[in-house]
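Shown next, in structure tokens, is the structure this report addresses.
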Amino acid sequence: MTQDEKKRRAAQAALPYVKDGMTLGVGTGSTVDYFIEGLEARARGLRAVASSSNASTEKLKARGIEVSDLNSIGDLDLYVDGADEANRHLYLIKGGGGALTREKVLAGAARRFICIADDTKLVGVLGTFPLPIEVIPLARSFVARQLVKAGGQPVWREGFVTDNGNQIIDVHNLAITSPPELEAKLNQIPGIVTVGLFAQRPADLLLICGEDGITTIG
Ligand code: 5RP
């Protein structure tokens with residue numbers, strides 16, 4: 001099975017969790033794109049849909065799904081999103097697509113967070129995938145120096161601007177053995193908007209597709 005087919009199946013596996021009357025948050029990325037495809041048939045029964053990026057908003061609208069401002073919805077019943085890495089504690093690295101800030105807000109606002117991914121994303125220790133960090137532009141070099149002191153190798157994602165008008169630093173060479181602690185520590189650095197570690201608010205359920213089909217963790 002190709003990685004793409006695994007992404008498609010993981011996304012399909014999340015669809016039965018979407019129930020009429022729900023407020024739903026939609027993540028960002030190629031796995032979520034398959035979820036959006038399948039959502040078209042179910043969206044009519046939903047109370048409201050919030051989006052984590054301009055890219056997903058466009059894709060939802062193209063399928064006739066109305067997107068609401070999170071400020072007018074209140075908390076979400078369910079948030080569905082992909083990940084760049086996930087472990088069995090349901091901790092995640094996210095932000096490969098640069099949408100980490102809105103993704104973290106939606107995950108935080110959700111009563112249930114389901115993460116969908118192909119099995120290449122499931123790892124023992126997080127950190128092989130460079131950790132994305134959104135920074136305000138003025139703070140980029142200062143934050144990068146602090147990240148070196150924290151043992152990482154920061155690389156500016158040059159030319160990329162987030163939906164919030166900020167920049168991304170991808171931090172290489174971090175073996176993240178204690179994700180909640182590292183998230184808390186990095187959150188203290190002034191100028192960081194969002195750390196792409198989802199540990200203080202992990203997923204509630206992981207739907208991972210491998211060669212043998214879906215594995216549910218959580
Ligand atoms: C975007 C994300 C995505 O969930 C992550 O990059 C996974 O993407 P894909 O489903 O394309 O592999 O965090 O900011």
Side-chain angles (χ1 to χ4, degrees), residues 1-15 24-39 50-60 70 76 78-87 90-110 112-123 126-135 155 157 159-172 174 176 179 183 186 192-210 214-215 217:
M1 206 187 307
T2 63
Q3 186 182 13
D4 224 42
E5 177 60 14
K6 289 176 183 173
K7 289 182 181 202
R8 195 179 64 78
R9 291 196 191 188
Q12 278 178 340
L15 288 168
L24 175 71
V26 175
T28 300
S30 54
T31 314
V32 167
D33 288 348
Y34 287 120
F35 177 75
I36 293 173
E37 262 177 47
L39 193 61
S51 167
S52 64
S53 64
N54 295 342
S56 286
T57 297
E58 289 313 309
K59 284 166 189 160
L60 287 160
L70 184 67
L76 300 170
L78 176 64
Y79 178 55
V80 177
D81 199 356
D84 298 301
E85 278 186 353
N87 70 14
L90 307 175
Y91 297 148
L92 313 171
I93 286 183
K94 291 186 47 52
L100 61 163
T101 295
R102 297 187 192 184
E103 291 175 343
K104 202 174 249 196
V105 173
L106 265 56
R112 194 176 202 197
F113 173 14
I114 296 180
C115 179
I116 51 179
D118 65 86
D119 61 354
T120 63
K121 308 288 184 66
L122 190 61
V123 298
L126 299 175
T128 302
F129 190 93
L131 177 66
I133 294 185
E134 181 166 348
V135 297
V155 177
R157 205 183 290 181
F160 185 89
V161 179
T162 71
D163 287 350
N164 314 305
N166 293 316
Q167 298 178 349
I168 300 275
I169 295 174
D170 294 302
V171 192
H172 296 246
L174 290 172
I176 307 174
E183 186 180 2
L186 297 180
I192 287 184
V193 178
T194 301
V195 175
L197 254 181
F198 285 52
Q200 295 178 335
R201 200 299 178 226
D204 297 306
L205 199 65
L206 270 179
L207 301 175
I208 299 281
C209 185
I214 300 292
T215 301
I217 303 171

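Just so you know, ligand 1 is whichever comes first in the structure, and atom 1 is the first atom listed for that ligand. Owing to the predicted nature of the structure, the values given are computational and were not obtained by experimental measurement.
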Revision key, fill the gap. When rounded to the nearest 0.5 Å, the distance separating CG of L100 from CG of L92 is 12.0 Å
Quick check on contacts: which atoms of ligand 1 are under 4.0 angstrom from a heavy atom of [X]?
X   : answer
G97 : 1 (C), 6 (O), 14 (O)
D81 : 4 (O)
G95 : 2 (C), 13 (O), 14 (O)
K7  : 9 (P), 11 (O), 12 (O)
K94 : 2 (C), 3 (C), 4 (O), 13 (O)
A99 : 14 (O)
G82 : 4 (O)

Which heavy atom of [X] sits nearest a heavy atom of [Y], and at what distance?
X    : Y    : result
F113 : A203 : CD2-CA, 3.6 Å
Y79  : A110 : CB-CB, 3.5 Å
A10  : I214 : CA-CD1, 3.8 Å

Practice item. Establish, from distance only, whether the side-chain atoms of S52 and T28 form a donor-acceptor pair under 3.5 Å. Key: yes
Review point. Judged by modelled atom types alone, do T2 and D4 share a side-chain donor-acceptor pair under 3.5 Å?
Key: no
Exercise for review: Give a yes or no answer on whether the side chain of N164 reaches the backbone of N166 with a donor-acceptor pair at less than 3.5 Å.
Suggested key: no
Review point. Within the distance-only criterion (no hydrogens, no angle test), does the side chain of T31 pair as donor or acceptor with the backbone N or O of A117 below 3.5 angstrom?
Key: no
Residue, atom name and distance, where the atom is the protein heavy atom closest to [atom]:
atom                    : value
atom 9 (P) of ligand 1  : S30 OG, 3.3 Å
atom 3 (C) of ligand 1  : T28 O, 3.2 Å
atom 12 (O) of ligand 1 : K121 NZ, 2.7 Å
atom 1 (C) of ligand 1  : E103 OE2, 3.1 Å
atom 10 (O) of ligand 1 : T31 OG1, 2.6 Å

Point to revise | Candidate list I192, V193, L197, test side-chain contact (heavy atoms from CB on, under 4.5 Å), partner I133, passing option | key: I192
Check your understanding: Is E134 salt-bridged to K104, cutoff N-O under 4.0 Å?
Key -> no
Exercise for review: Measure A117 to ligand 1 on non-hydrogen atoms and call it side chain, backbone, both or neither using the 4.0 Å cut-off.
Suggested key: neither
**Study point:** D84, T162, I116: member with heavy atom nearest to atom 5 (C) of ligand 1
**Key:** D84
Review point. Any heavy atom of G98 sitting closer than 4.0 Å to ligand 1?
Key: yes
